[in-house]
There are 2 protein chains.
Amino acid sequence: MSRKTMVRPGGRSARVQASVHAAVRELESEVGREALTVPLVAARAGVTPSTIYRRWGDLQELLSDVAVERLRPEAAPVDKGSLSSDLEAWAEQFLQEMTAPSGRAYIRDALLGDPDGSNAGLCSAYAAEQIDVILDRAAGRTENAPDVETVLDHVVAPMMYRILFRPEGLDSAYARQLVAGLVGSTDR
Amino acid sequence: MSRKTMVRPGGRSARVQASVHAAVRELESEVGREALTVPLVAARAGVTPSTIYRRWGDLQELLSDVAVERLRPEAAPVDKGSLSSDLEAWAEQFLQEMTAPSGRAYIRDALLGDPDGSNAGLCSAYAAEQIDVILDRAAGRTENAPDVETVLDHVVAPMMYRILFRPEGLDSAYARQLVAGLVGSTDR
DNA sequence: ACCTTAAAGCAAATATGTTGCTTCAAGTGA
DNA sequence: TCACTTGAAGCAACATATTTGCTTTAAGGT
């Protein structure tokens, strides 16, 4: 797990972490991601640079933590009444958010400063959680639903692959096509 | 395209590029990836640091270029006699190479120092090329074959997604399962 | 209230990254 | 072949960022 999870829960450490994260978000929008530096963030957060270096190691790990926070879904997926329409709506929104320049930047940052892969694991877990909700709902309607792994393979993975490796020409139609390919074959 | 492609084809620039790339590879194995720095690479390459900064921008972009080079396939996929066995063999080998710690490191490096996405695009193009060979061969045997995009979605993307986001428990069986899921449904 | 102890602050030392200017040598055209 | 042009390399001074030892602070336990 990344270092931030090891801090004492309340008190000074927590305040420092919060103000550093806030400083990153503020400066990202004020001066742009490229211009961020550890000393700059430290100054804005009212903290010495060495504090950041000791807690996060380097700028990338800090940015990775902040990026993961921003990738956490804020609400449960909307209920459209059926498995296929729930998945379609979720996939369309996911793709739209992730293909936006800011979304791509967060994904890259999350992967980048992540030596042990825990932040990447979190990103995947977020998607899995959302899908779980959708699948549970479908089970409640007695629709027969695939399992989470299958949805990850058929819907999430292709979207992520293209976002990272071939960002050209991605649109909602592609998201719908992936969902169709999944619910078309009810097997496995 | 990354800067290295803009250098004059022969002569001094080419020599500098070659010796810098060689220095990266040597030092990677001698001191480890973590310990690489631009001044260190420059010293080994017999070049001043400013040359590297001006040509590549920073260490990440240099490492990205070197990583892409190492991800380029060295041979055409082996011919196993049928589409499904060709794909299986290729997918197994791909997964095995990419899940190795060094493979994962190269993928990450390739993605990381790649502001414009051209190196990521190359990685994907390499896989597409190999798959193209396999599909052409299948067409020559009058097997009915899916198109490249379908193979990318069903086989390559899931492997890459898991390598990057959930590297636990990946093995050849997973690669075979993906291929089976693809050739099982001959549609689309 | 007093210990204990992670974590923060501070400051000096070191390493890295940037820049203007000079020098070199590959390609170009008389 | 020999200037001539030009992109790229070298050098050196400068600016920033990173590391580190030591001191101080304050959270949590007794």
Side-chain angles (χ1 to χ4, degrees), chain A residues 1-24 26-28 30-66 109 112-115, chain B residues 1-24 26-28 30-66 69 109 112-115 118:
Chain A
M1 265 271 188
S2 68
R3 307 179 198 202
K4 75 160 189 281
T5 61
M6 297 167 64
V7 307
R8 295 181 178 181
R12 185 160 69 157
S13 290
R15 276 198 305 280
V16 165
Q17 168 164 325
S19 79
V20 168
H21 277 217
V24 168
E26 287 168 26
L27 289 168
E28 243 175 16
E30 286 174 29
V31 305
R33 212 196 138 273
E34 290 308 303
L36 290 185
T37 65
V38 170
L40 188 68
V41 171
R44 171 64 63 102
V47 142
T48 59
S50 64
T51 295
I52 294 183
Y53 288 119
R54 289 213 240 247
R55 283 238 335 233
W56 282 278
D58 62 16
L59 183 64
Q60 289 185 348
E61 288 189 47
L62 172 56
L63 291 181
S64 181
D65 281 353
V66 173
D109 285 345
L112 248 136
D114 190 23
Chain B
M1 267 292 212
S2 68
R3 308 178 199 205
K4 75 161 191 282
T5 60
M6 296 168 63
V7 308
R8 295 179 179 183
R12 184 161 70 155
S13 291
R15 276 198 306 280
V16 166
Q17 167 165 325
S19 79
V20 168
H21 277 217
V24 168
E26 288 168 24
L27 288 168
E28 244 176 17
E30 286 173 29
V31 304
R33 213 198 137 269
E34 291 306 303
L36 290 184
T37 65
V38 170
L40 187 68
V41 171
R44 172 63 65 102
V47 144
T48 59
S50 64
T51 295
I52 293 183
Y53 288 120
R54 288 213 240 249
R55 284 250 317 245
W56 281 278
D58 61 16
L59 184 63
Q60 289 184 348
E61 289 190 47
L62 171 55
L63 291 181
S64 181
D65 281 353
V66 173
E69 246 172 40
D109 284 346
L112 252 135
D114 190 25
S118 59

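Keep in mind that this is a model prediction, so the values were computed, not measured. Residue numbering restarts at 1 for every chain, and letters A, B, ... go by the order of the sequence lines.
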Respond yes when some side-chain nitrogen or oxygen of [X] is under 4.0 Å from OP1 or OP2 of [N], and no when none is.
X     : N      : value
B/R15 : C/dA26 : yes
A/T51 : C/dG9  : yes
B/T37 : C/dT16 : yes
A/R55 : C/dA8  : yes

Can you measure from [atom1] ([X]) to [atom2] ([Y]) and round to the nearest 0.5 angstrom?
X     : Y      : atom1 : atom2 : result
B/R33 : B/D109 : CZ    : CG    : 4.0 Å
B/D65 : B/R55  : CG    : CZ    : 9.5 Å
B/E26 : B/H21  : CD    : NE2   : 13.0 Å
A/Q17 : A/R12  : CD    : CZ    : 14.5 Å
A/Y53 : A/L59  : OH    : CG    : 8.0 Å

Extract from the structure each pairing of a protein N or O with an N or O of nucleotides 18-21 of chain C at less than 3.5 Å, listing the distance.
unit_1	atom_1	unit_2	atom_2	d
C/dG20	O6	B/R54	NH2	2.4

*Count the heavy atoms of every other residue, nucleotide or ligand shown that sit under 6.0 Å from CD of A/E30, and state whether that count exceeds 12.*
yes
*Result of checking B/V20, B/V24, B/L36, B/L27 against B/R44 for side-chain contact (heavy atoms from CB on, under 4.5 Å)*: B/L27
*Nearest to side-chain heavy atoms of B/V16, which nucleotide of D/dA17, D/dA9, C/dG17*: D/dA9
*In terms of side-chain heavy atoms of B/T48, which of D/dG10, C/dG9, C/dT16 is nearest?*
D/dG10
Just how far, in rounded Å, is [atom2] of [N] from [atom1] of [X]?
X     : N      : atom1 : atom2 : answer
A/W56 : C/dA7  : CH2   : P     : 12 Å
A/L36 : D/dT18 : CG    : P     : 12 Å
B/L59 : C/dA15 : CG    : P     : 17 Å
B/L40 : C/dA15 : CG    : C1'   : 12 Å

*Give a yes or no answer on whether the side chain of B/D114 reaches the backbone of B/S118 with a donor-acceptor pair at less than 3.5 Å.*
yes
*So how far off straight is the helix from C/dT4-D/dA27 to C/dA30-D/dT1, going by the axes through five pairs at either end, to 10°?*
40°
_Nearest atoms (heavy-atom pairs only) where A/T48 meets A/A42_ = C-CB, 3.9 Å
